[in-house]
Peer 1: 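I'd like to ask some things about the structure below.
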Amino acid sequence: MTDNNSRCNYCGRILYKQVSEKYFVCSQKCKTLIKNITYIDTVDSIVLSINSTNWNTVDELYKKVEVNKFDFISSVRRLIYFKGLLVAKEKKEINQKSLISKVKR
């Protein structure tokens with residue numbers, strides 16, 4: 001997914017503890033979830049489809065879909081930190097109140 005080994009490859013949180021030899025993940029939950037690439041791609045496409053170039057909070061966007069909240073926020077972080085398809089207004093850690101939008105092209 002990325003060469004950035006300072007963040008969990010699944011949830012995008014800062015990696016304090018490495019729990020896998022194969023993946024850069026922060027917990028057993030992320031280690032299990034990262035193996036389901038089809039589900040990751042599905043959630044990522046849902047997040048991209050509901051986003052616009054206007055600023056919205058993560059929580060506002062989450063209310064529009066029926067996806068697990070952890071997976072939704074993890075997808076937002078992946079799309080910001082690893083894929084560069086979304087952008088955050090602030091430079092702090094992404095949470096439910098963070099303002100995000102699509103990258104203008």
Side-chain angles (χ1 to χ4, degrees):
M1 261 186 191
T2 183
D3 294 336
N4 183 354
N5 60 2
S6 64
R7 292 195 174 270
C8 175
N9 282 347
Y10 184 78
C11 69
R13 289 185 277 195
I14 294 175
L15 191 64
Y16 293 108
K17 180 174 106 174
Q18 172 69 357
V19 298
S20 172
E21 292 179 11
K22 186 174 179 183
Y23 305 104
F24 289 107
V25 291
C26 64
S27 67
Q28 290 297 338
K29 180 177 183 178
C30 291
K31 183 178 178 180
T32 303
L33 294 171
I34 199 165
K35 296 174 185 175
N36 192 348
I37 300 298
T38 307
Y39 179 69
I40 291 172
D41 290 341
T42 303
V43 175
D44 286 355
S45 66
I46 289 169
V47 170
L48 283 174
S49 70
I50 63 167
N51 251 305
S52 67
T53 54
N54 298 329
W55 295 108
N56 293 297
T57 65
V58 173
D59 199 40
E60 287 171 353
L61 296 173
Y62 170 71
K63 291 176 182 174
K64 296 178 182 180
V65 296
E66 292 186 24
V67 176
N68 179 292
K69 191 175 242 181
F70 177 76
D71 295 335
F72 185 84
I73 294 173
S74 297
S75 175
V76 168
R77 288 182 181 142
R78 279 193 306 274
L79 293 169
I80 290 173
Y81 297 133
F82 301 129
K83 296 182 180 178
L85 298 174
L86 296 178
V87 64
K89 196 167 192 176
E90 301 92 19
K91 295 295 180 195
K92 61 181 183 172
E93 193 70 21
I94 303 300
N95 60 35
Q96 294 176 16
K97 304 220 183 298
S98 298
L99 291 170
I100 61 168
S101 80
K102 277 188 180 177
V103 173
K104 295 178 183 175
R105 294 182 187 243

Peer 1: Are more than 12 heavy atoms, taken from residues, nucleotides or ligands other than E66, located less than 6.0 Å from that residue's CD atom?
Peer 2: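 It does not: E66 CD has 12 such atoms or fewer within range.
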Peer 1: Less than 4.5 Å apart, side chain to side chain, heavy atoms only: is that true for N54 and S101?
Peer 2: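 N54 does not reach S101 side chain to side chain.
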Peer 1: Which is it for T38 and D41 under the side chain to side chain donor-acceptor pair (under 3.5 Å) test, yes or no, and what are the steps along the way?
Peer 2: CA-CA 5 Å; T38 307; D41 290 341; over 6 Å; no
Peer 1: Can you list everything that forms a side chain to side chain donor-acceptor pair (under 3.5 Å) with Y39? Sequence neighbours excluded, please.
Peer 2: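 With sequence neighbours excluded, Y39 shows a side chain to side chain donor-acceptor pair (under 3.5 Å) to D71, given in chain and number order.
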Peer 1: Ion pair present between E93 and R7, side-chain N to carboxylate O less than 4.0 angstrom?
Peer 2: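 A salt bridge is present here (some side-chain N lies under 4.0 Å from a carboxylate O).
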Peer 1: To the nearest 0.5 angstrom, please state how far the NZ atom of K97 sits from the OG1 atom of T57.
Peer 2: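 Answer for the NZ-OG1 pair, K97 versus T57, is 7.5 Å.
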Peer 1: Working note: L48 + L86, criterion side-chain contact (heavy atoms from CB on, under 4.5 Å); need CA distance, chi angles, decisive distance, verdict.
Peer 2: CA-CA 8 Å; L48 283 174; L86 296 178; 4.0 Å; yes
Peer 1: So, do V25 and C8 sit near enough that their side-chain heavy atoms are less than 4.5 Å apart?
Peer 2: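 In short, these two side chains touch, coming nearer than 4.5 Å.
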Peer 1: Checking R78 against Y10: charged group under 6.0 Å from the ring centre and within 45 degrees of the axis?
Peer 2: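 Checked: cation-pi criterion met.
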Peer 1: Any heavy-atom pair between the side chains of V47 and Y62 that's under 4.5 Å?
Peer 2: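 Answer no - side chains too far apart.
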Peer 1: Ignoring hydrogens, what is the shortest heavy-atom contact between R13 and C26? Give both atom names and the distance.
Peer 2: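 Residues R13 and C26, closest heavy atoms: NH2-SG, 4.0 Å.
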Peer 1: Taking all non-hydrogen atoms of both residues, which atom of V103 and which atom of G84 are closest, and how far apart?
Peer 2: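 Looking at all heavy atoms of both residues, the shortest contact is CG2-O, 3.2 Å.
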Peer 1: Using side-chain contact (heavy atoms from CB on, under 4.5 Å), reason through F72 and L61 one step at a time and then give a plain yes or no.
Peer 2: CA-CA 9 Å; F72 185 84; L61 296 173; 3.8 Å; yes
Peer 1: Restricting to non-hydrogen atoms, name the atom on K31 and the atom on V19 that form the minimum distance, rounded to 0.1 Å.
Peer 2: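 Scanning both residues, the minimum pair turns out to be NZ-O, 3.7 Å.
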Peer 1: Looking at N95 and V58, what are the two nearest heavy atoms and their distance?
Peer 2: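 Smallest heavy-atom distance, with atoms named: O-CG2, 3.4 Å.
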Peer 1: Could you tell me if the side chain of D59 sits less than 4.5 Å from the side chain of K69, heavy atoms only?
Peer 2: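 Contact flag for K69/D59 side chains = yes.
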Peer 1: Before giving the answer on side-chain contact (heavy atoms from CB on, under 4.5 Å), spell out for N9 and Y81 the whole-Å C-alpha distance, their side-chain angles and the decisive distance to 0.1 Å.
Peer 2: CA-CA 10 Å; N9 282 347; Y81 297 133; over 6 Å; no
Peer 1: For the CG atom of N56 and the CD1 atom of I100, what is their distance to the nearest 0.5 Å?
Peer 2: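 So the CG of N56 and the CD1 of I100 are separated by 7.5 Å.
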Peer 1: Answer whether the closest heavy-atom distance between the side chains of C30 and F70 falls below 4.5 Å.
Peer 2: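 Of all side-chain heavy-atom pairs linking F70 with C30, at least one is under 4.5 Å.
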Peer 1: Look up atom OH in Y16 and atom OG in S27, then write down how far apart they are to the nearest 0.5 Å.
Peer 2: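 Output value for this atom pair is 14.0 Å.
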Peer 1: How long is the span from the OG atom in S75 to the CD1 atom in I46, to the nearest 0.5 Å?
Peer 2: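 Separation between the atoms: 8.5 Å.
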Peer 1: Indicate yes or no: at least one non-hydrogen side-chain atom of D44 is less than 4.5 angstrom from one of L79.
Peer 2: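 They are in side-chain contact.
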Peer 1: Can you tell me how far the CD1 atom of I50 sits from the CD atom of E60, to the nearest 0.5 Å?
Peer 2: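 If I round to the nearest 0.5 Å, the distance is 10.5 Å.
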